[in-house]
Amino acid sequence: FSVDGTLIEAWASHKSFRPKDGSGDADGGANFHDQKRKNDTHASTTDPDSRTQQTAHGQIQGYNAQIASSENGLIVAAHVCSENQDRRQLVPTIAAVAQTCNELPHTIVADTGYDNHEQITHVEQTTGAVVYIPPQSPIEVHTRQSRTRALRSVERLQRFARVRTARGQALMRQRRTTVEPVFGIIKAARRFDRFLMRGRARVQAEWQLLCTAFNLLRLHRLLAVKA
């Protein structure tokens, strides 16, 4: 299984992102330019569950949409969260895979955004799966490290070596043709770049409905090829 995530705008504007203490409401949030706004001190009055997310093209008010796909490109798990990064999304996504498929995955592939030692270790120990995730930062092992940190670094080096094997490289290439195109199809081809519902529960239901529609179209193409 391959895991990935993307940021999608919520049905909320930047104007709705106001201080939690109620200050700055005199202008209705219109004068938000050049203001330092953080998720810790501000929240959207339109969709309080959404968060300010940093993208390559600037900031959006939105959600982090996560999926896991099988080797034939079908989505087997989907959920949304408010976190900007993917570092803590491996465990909940794989848990959803186990629930959907009623079995534990044997192989898991993800990009560097999921490089989190605690999350990977938890998944390996609870599922027995082999995880292929490249390191997000350089791995250092030196004599000044504590025993715990040294062991962690060694484990990360072993995972990195696994990714660099022929099988690991083949799985990373396969990932580019299974899970990554899903977001391109949904956001570009289907022109879905903003949730229509508000609130995390409803947004998640909307995301799962979109993924179900994607699977129906994908199944149609797979069955057509076999026929």
Side-chain angles (χ1 to χ4, degrees), residues 1-12 46-47 49-51 53 55-57 60-86 88-111 113-114 123 126-127 129-133 170-227:
F1 294 98
S2 297
V3 179
D4 205 359
T6 188
L7 299 176
I8 300 179
E9 284 193 70
W11 195 260
T46 305
D47 186 352
D49 292 337
S50 66
R51 296 291 184 272
Q53 311 281 5
T55 71
H57 305 290
I60 64 170
Q61 189 72 23
Y63 290 90
N64 186 344
Q66 296 283 319
I67 63 167
S69 72
S70 61
E71 60 183 7
N72 54 17
L74 290 171
I75 301 172
V76 295
H79 75 278
V80 299
C81 65
S82 300
E83 296 186 20
N84 182 266
Q85 299 180 345
D86 299 326
R88 294 192 289 184
Q89 298 310 310
L90 186 65
V91 169
T93 304
I94 297 304
V97 170
Q99 184 176 7
T100 302
C101 302
N102 200 26
E103 64 178 19
L104 297 175
H106 302 292
T107 305
I108 300 169
V109 187
D111 61 24
Y114 294 86
V123 168
T126 56
T127 67
V130 181
V131 180
Y132 293 85
I133 297 179
L171 288 171
M172 296 303 293
R173 288 193 297 270
Q174 183 186 52
R175 177 184 175 278
R176 300 189 190 103
T177 63
T178 55
V179 68
E180 291 185 1
V182 172
F183 297 126
I185 294 172
I186 290 178
K187 297 174 75 173
R190 308 296 174 214
R191 297 184 180 181
F192 182 84
D193 56 2
R194 173 176 286 190
F195 288 110
L196 302 179
M197 305 301 292
R198 296 169 179 169
R200 182 177 174 181
R202 293 183 177 183
V203 166
Q204 177 150 313
E206 183 180 2
W207 179 237
Q208 291 174 338
L209 182 62
L210 280 165
C211 291
T212 300
F214 175 91
N215 278 346
L216 290 174
L217 292 171
R218 178 64 178 163
L219 278 171
H220 174 72
R221 293 190 181 92
L222 290 174
L223 293 174
V225 170
K226 289 183 178 180

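None of these values were measured; they are calculated from a predicted model.
Not counting sequence neighbours, Asp49 has no partner by the side chain to side chain donor-acceptor pair (under 3.5 Å) test. Applying the salt bridge (Lys or Arg N to Asp or Glu O under 4.0 Å) criterion to Arg176, with sequence neighbours excluded, gives no partner residue. Under the side chain to side chain donor-acceptor pair (under 3.5 Å) criterion, Thr6 pairs with Lys187, not counting sequence neighbours. Looking at residues two or more places apart in sequence or on another chain, you find no ring pair (Phe, Tyr, Trp, His ring centres under 6.0 Å) involving Phe214. Every residue was checked against the salt bridge (Lys or Arg N to Asp or Glu O under 4.0 Å) condition with Asp47, not counting sequence neighbours, and none meets it. By the side-chain contact (heavy atoms from CB on, under 4.5 Å) test, Leu104 is found to be paired with Ala98, Thr127, residues two or more places apart in sequence or in another chain being considered. Qualifying salt bridge (Lys or Arg N to Asp or Glu O under 4.0 Å) partners for Glu71, counting only residues two or more places apart in sequence or in other chains: none. With sequence neighbours left out, Gln89 forms a side chain to side chain donor-acceptor pair (under 3.5 Å) with His79. A search for side chain to side chain donor-acceptor pair (under 3.5 Å) contacts involving Ser50 returns Gln61, not counting sequence neighbours.
Across every non-hydrogen atom of Gly5 and Tyr114, the tightest pair is N-OH, 3.2 Å. Asn72 and Leu222 make their closest contact through O-CD1, 4.0 Å (heavy atoms, listed as atom of the first residue, atom of the second, distance).
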Less than 3.5 Å apart, which donor and acceptor atoms pair up between the side chains of residues 192-200 and the rest of the protein, not counting sequence neighbours?
{"unit_1": "Arg194", "atom_1": "NH2", "unit_2": "Glu9", "atom_2": "OE1", "d": "2.9"}
{"unit_1": "Arg198", "atom_1": "NE", "unit_2": "Trp11", "atom_2": "O", "d": "3.3"}
{"unit_1": "Arg200", "atom_1": "NE", "unit_2": "Val80", "atom_2": "O", "d": "3.2"}
{"unit_1": "Arg200", "atom_1": "NH2", "unit_2": "Val80", "atom_2": "O", "d": "3.2"}

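Side-chain polar atoms of Gln53 and Asn64 form no donor-acceptor pair below 3.5 angstrom.
Looking only at side-chain heavy atoms (C-beta outward), Val3 and Val179 stay at 4.5 Å or farther from each other. Side-chain atoms of Ile185 and Leu217, non-hydrogen and from C-beta on, never get closer than 4.5 Å to each other.
At distances below 3.5 Å, at least one donor-acceptor pair connects side-chain atoms of Gln208 with backbone N or O atoms of Ala78.
The salt bridge (Lys or Arg N to Asp or Glu O under 4.0 Å) pairs that include a residue from residues 88-97 are Glu83-Arg88, where partners are two or more places apart or lie in different chains. Sorted by first and then second residue, the side-chain hydrogen bond (donor to acceptor under 3.5 Å, both in side chains) pairs with a member in residues 214-224 form an empty list; sequence neighbours excluded.
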